[in-house]
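Numbering of ligands and ligand atoms starts at 1, following listing order.
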Amino acid sequence: MQSEFRQRRDRFLDKIGNGTAILRSAPTAVMHNDVEYNFRQDSNFFYLTGFNEADCVAVFAPWHETHKFVLFVQPKDRDKETWSGYRIGVEAAKEVYGADEAYPIAELTKKLPQYVEKADRIYYHMGRDRSFNDRIIALWQRCMATYEKKWIGPIAIEDPGPLLYPLRQVKSESELELMRKAVEIAAESHNLALQLRKPGMYEYELQAEMEHLFRLRGGWGAAYPSIVASGANSCILHYTENDRQMQDGELLLVDAGCSYGYYNSDITRTYPVGNKFTEEQRILYELVLKAQLDAIAQLQPGSAWNQFHETAVRTIVEGLMALGLLQGDIEEIIKEEKYKPFFMHGTGHWLGLDVHDSGVRQIGETWQTFQPGHVVTVEPGIYIRPDFKPFEGQPEVPERWRGIGIRIEDDVLVTPTGNEILTAAVPKSLEAMER
Ligand code: GLY
Ligand code: MN
Ligand code: MN
């Protein structure tokens, strides 16, 4: 795996040219008082280094004769390590993570100038930590103070995102292996939930059963707060209270994914709490399923990012019009987004190290086209809140349609010949949702 991190760094170093990139590891996050959440490395930092410690900095200086990749790390400290775990330390950082040079993090201010002074720009992401941003800006100002004399130095600070996103966007075989594992565990959990759900159960009981499997199978846990939404809760996109008792006759929307070895899955299924859909639930379920299948069919090398979303929108609008829930001219409804009270989110997002992964959707007016190795979610939905408000000039929605929220979400890999639904092990046919 170290060789893959090295390859990624080489590709990144190539793109930096005569600049210097400074990447900061994730900070530790406080849960309460002096208790911290489990540490999770920043995805960009991890992607390039594989290094899993907080309060570190990585420097990439391709133009430097010998130190092209430098790590600033927390030094070994017996006392601190007794409380919060082993640190790799300065010496081993070179050996284990392939750094050309490594220093204790306390030497950052002293050592950083030599890696920046002669660069033509600094690549740095302005993070939430203003005081760290200020340190980089101060360093930049110092370098520029002599620029007029020598015309050497970083004339700009740029975000490294545009260099990194296209790299992270195409998944390698080893990344896909981890994603398949994250999918496999989540699929098993969803299939268990499908069997266990029944009237009278609390949403959190099902959540617990699913998340139990996430850990039991070696995953880190939920990739995001699991959504187990019964009845009208299914109309709240990121409902996470999960504290309601489910009733017969209602729908249950379960959106849960697993995190495994830094990679994530993201799956949604919607089914009746009891045995059968009601008439209205069934009609809308079939419509969302059709929209999802139509959208997935669009995912192939060369198709533009907006195509699968636009396809899902059209199918949903046609269906809602046929039901009398939308009326007027279809092109106008789509153009003016009059469907949005029913379907207010995008049809998908990149998936990978982050659940909402970095990646390029469009550059200016030009849409990104899909390539083999891209992984996206496909997750159209229809949500009719109990207090549903139609778009101006659109009909009121009769009571019997209200309180229904449906989303169906799969994770899809674009392949050289089309696509592969990574989450195919979780059924979604109407018949499979009923019992
Ligand atoms: N579960 C978050 C999402 O579907 O985007
Ligand atoms: Mn998603
Ligand atoms: Mn989801």
Side-chain angles (χ1 to χ4, degrees), residues 40 43 168-169 171 179-180 182-194 203-204 206-207 210-211 213-214 219-230 233-242 251-260 262-271 285 288-289 291-293 295-296 298-299 305-306 308-309 311-313 316 340 342-359 361 370 374-383 405-414 419-428 433:
R40 203 278 188 180
S43 294
R168 278 182 53 188
Q169 199 170 338
K171 271 59 182 178
M179 292 191 76
R180 285 180 199 281
V183 160
E184 183 189 310
I185 298 170
E188 189 185 348
S189 295
H190 272 274
N191 286 329
L192 179 70
L194 195 57
E203 294 163 343
Y204 57 75
L206 216 48
Q207 176 189 4
M210 295 183 80
E211 293 181 0
L213 269 186
F214 291 168
W220 290 1
Y224 48 88
S226 304
I227 298 164
V228 182
S230 63
N233 291 340
S234 60
C235 302
I236 300 168
L237 300 180
H238 290 166
Y239 170 78
T240 53
E241 286 86 350
N242 299 351
L251 284 180
L252 181 67
L253 183 156
V254 180
D255 183 347
C258 175
S259 188
Y260 182 91
Y262 271 98
Y263 287 82
N264 300 292
S265 52
D266 182 4
I267 307 176
T268 309
R269 290 292 182 269
T270 310
Y271 36 84
Y285 186 85
V288 174
L289 183 58
Q292 205 233 15
L293 295 173
I296 290 174
Q298 296 297 317
L299 290 179
W305 169 272
N306 57 327
F308 78 117
H309 174 62
T311 298
V313 165
I316 283 176
K340 275 212 164 161
F342 296 94
F343 177 28
M344 62 295 286
H345 58 77
T347 301
H349 50 83
W350 302 114
L351 182 71
L353 283 169
D354 294 319
V355 173
H356 294 163
D357 209 30
S358 63
R361 295 181 183 202
F370 286 105
H374 286 174
V375 181
V376 282
T377 66
V378 183
E379 48 177 311
I382 293 176
Y383 313 88
I406 296 167
R407 176 164 65 255
I408 305 170
E409 176 174 31
D410 280 304
D411 304 341
V412 183
L413 166 69
V414 178
N419 67 60
E420 178 192 341
I421 302 175
L422 299 174
T423 43
V426 195
K428 60 186 174 187
M433 299 294 100

Exercise for review: Compute the ring centroids of His374 and Trp350, then answer whether they are less than 6.0 Å apart.
Suggested key: yes

Revision key, fill the gap. Rounding to 0.5 Å, atoms OH (Tyr285) and CG (Leu251) come to a distance of 10.0 Å

Practice item. First locate atom CG of Asp411, then atom CG of Leu351, and finally report the distance between them rounded to the nearest 0.5 Å. Key: 5.0 Å

Check your understanding: So, do Tyr260 and Trp220 have ring centers that fall under 6.0 Å from each other?
Key -> no

Exercise for review: Could you tell me whether Arg407 and ligand 1 have an N or O pair separated by under 3.5 Å?
Suggested key: no

**Study point:** salt_bridge(Asp410, Arg269) N-O dist < 4.0 Å
**Key:** yes

**Study point:** Tyr224 neighbourhood, listing ligand 1 atoms whose heavy-atom distance to it stays under 4.0 Å
**Key:** 1 (N)

Point to revise | Vertex the Mn ion (ligand 2), arms to His349 NE2 and Glu409 OE2, rounded to 10° | key: 130°

Practice item. Would you tell me which option among His238, Glu409, His356 has the nearest heavy-atom contact to atom 5 (O) of ligand 1? Key: His356

**Study point:** Aromatic ring proximity, centroids under 6.0 angstrom, His190 and Tyr271
**Key:** no

Point to revise | Apex the Mn ion (ligand 2) - arms OE2 from Glu379 and OD2 from Asp266 - angle rounded to 10° | key: 160°

Study note, to complete from the structure: When distances are taken from atom 4 (O) of ligand 1, the protein heavy atom at minimum range is Glu379 OE1, 3.0 Å

Review point. Counting heavy atoms only, which part of Asp266 comes closer than 4.0 Å to ligand 1: side chain, backbone, both or neither?
Key: side chain

